[in-house]
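As structure tokens, the structure follows; a few thoughts come after it.
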Protein chains: 2
Amino acid sequence: MKSMANIYDVYEDRCPTRMVLDRIADKWALLILDKLRRDAVRFNLLRREIKGISQKVLSQTLKKLERDGLISRQAFPTVPVTVEYSLTPLGRTLTDTVAALAHWAEGNMDAVMAAQRAYDERTVV
Amino acid sequence: MKSMANIYDVYEDRCPTRMVLDRIADKWALLILDKLRRDAVRFNLLRREIKGISQKVLSQTLKKLERDGLISRQAFPTVPVTVEYSLTPLGRTLTDTVAALAHWAEGNMDAVMAAQRAYDERTVV
DNA sequence: CGGTATCCTTAGGGATACTG
DNA sequence: CAGTATCCCTAAGGATACCG
């Protein structure tokens, strides 16, 4: 964990956008934030809902988001243990933007894929 | 370029959000879209404005964005050649969201960094 | 259930040099 | 100016096994 402490040291210039973009401009992070939009979700449920994410990457991403203060982790002393992840107030201020991004993705996927096909025809052939 | 053609093949399920998020949830891509918000920008100017990006990565990212139909490339037959990148109409539909993300980053950087310090004190010590 | 630890692979990206 | 080509290396991430 010590190695994460100096993550901002590489940015000599003070561009806040770049700093924080570097943190949240991550596919998995955005998907997780989106999944937590409604309510708290347990680890394995999150894993099942976000198809394709490995246990390792989910765990890592959750830890980063928690460190950034965007989500919080709550463990319940059940047997076996239950852990719920939920948005913090800070995280909640980001969800509208994330949702907008997701909404854009849904609405423009076809256009993007069409553009790709057109591009490939122009260049590959 | 052929290898990029089947990039969506890995997504057996049809989750559009994931597909497109995978494309645009990239730090450099978002920064480029943000820089092009006002008007067209030349390659090397873009490179200078986005500190820390290498020529290689800038070139790659621009090509991806062009393929996705978000930006367009226009070369002028000057000597030496001048190349301008600008947003397409499709790309323009995304800029508000990107700007919102950038704005969030600016406004909440301090909170994020404070959260990180608090987290590190809790866990590392 | 909710993780961590370990090993291993590969592709993402830096550095450098060259070109139309 | 706006790239491409090459080499090289590290670090992100999959697979597997184990644990409180």
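We name chains A, B, ... by the order of the sequence lines, and we start the count at 1 in each one.
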Q: Provide, to the nearest angstrom, the distance between the CZ atom belonging to A/Phe76 and the P atom belonging to C/dG3.
A: 12 Å

Q.
Need one value for A/Val83: base, sugar-phosphate or nothing, where a base atom within 4.0 Å counts as base even if backbone is also close, heavy atoms only.
A. sugar-phosphate

Q) Whole Å only: how far is the CZ atom of A/Arg47 from the P atom of C/dC1? A) 10 Å

Q | Taking every non-hydrogen atom, the tightest pair across A/Ala40 and A/Ser86 | A | CB-CB, 3.8 Å

Q.
What is the separation between atom CG on A/Asp22 and atom P on C/dG12, rounded to the nearest whole Å?
A. 17 Å

Q) The side chain of B/Lys63 lies closest to which of these nucleotides: D/dA2, C/dG2, D/dT4? A) D/dT4

Q. D/dA2 P sits how many Å from B/Leu46 CG, rounded?
A. 10 Å

Q) Which pair of heavy atoms, one from A/Asp34 and one from A/Ala99, lies closest together, and at what distance? A) OD1-CA, 4.3 Å

Q) Short question: side chain of B/Thr82, backbone of B/Phe76 - any donor-acceptor pair under 3.5 Å? A) no

Q) How many Å lie between CZ on B/Arg48 and C1' on D/dA2, as a whole number? A) 12 Å

Q.
I want to check one thing: is the phosphate of C/dT4, taken as OP1 and OP2, less than 4.0 Å away from some side-chain N or O of A/Ser59?
A. yes

Q: Using a 4.0 Å heavy-atom cut-off, write out nucleotides 9-19 of chain D from 5' to 3' as B (base contacted by protein), S (sugar-phosphate only) or - (no contact).
A: ----BBB----

Q) At their closest point, which heavy atom of A/Ile32 faces which heavy atom of A/Leu62, and how far apart are they? A) CG2-CD2, 4.0 Å

**Q.** Closest contact, heavy atoms only, A/Leu30 versus B/Ala25
**A.** CD1-CB, 3.7 Å

Q: Grab the two heavy atoms, one from A/Arg92 and one from A/Leu36, that are nearest each other, plus how far apart they are.
A: NH2-O, 4.4 Å

(Q) Rounding to an integer number of Å, can you tell me how far B/Phe43 CZ sits from C/dT19 P? (A) 18 Å

Q. Please give, in whole Å, the distance from C/dC1 P to A/Leu45 CG?
A. 11 Å

Q: Mark yes or no for whether B/Arg18, through its side chain, and A/Lys51, through its backbone, hold a donor-acceptor pair below 3.5 Å.
A: yes

**Q.** D/dA2 phosphate, OP1 or OP2, under 4.0 Å from B/Arg42 side-chain N/O
**A.** yes

Q: Check every atom of C/dC1, C/dG2, D/dA2 against the side chain of B/Arg73 and return the nucleotide holding the closest atom.
A: D/dA2

Q.
Quick check on C/dC1: is either OP1 or OP2 less than 4.0 Å from any side-chain nitrogen or oxygen of A/Tyr85?
A. no

Q | Euclidean distance, atom CD of residue B/Gln74 to atom P of D/dC1 [Å, nearest integer] | A | 19 Å

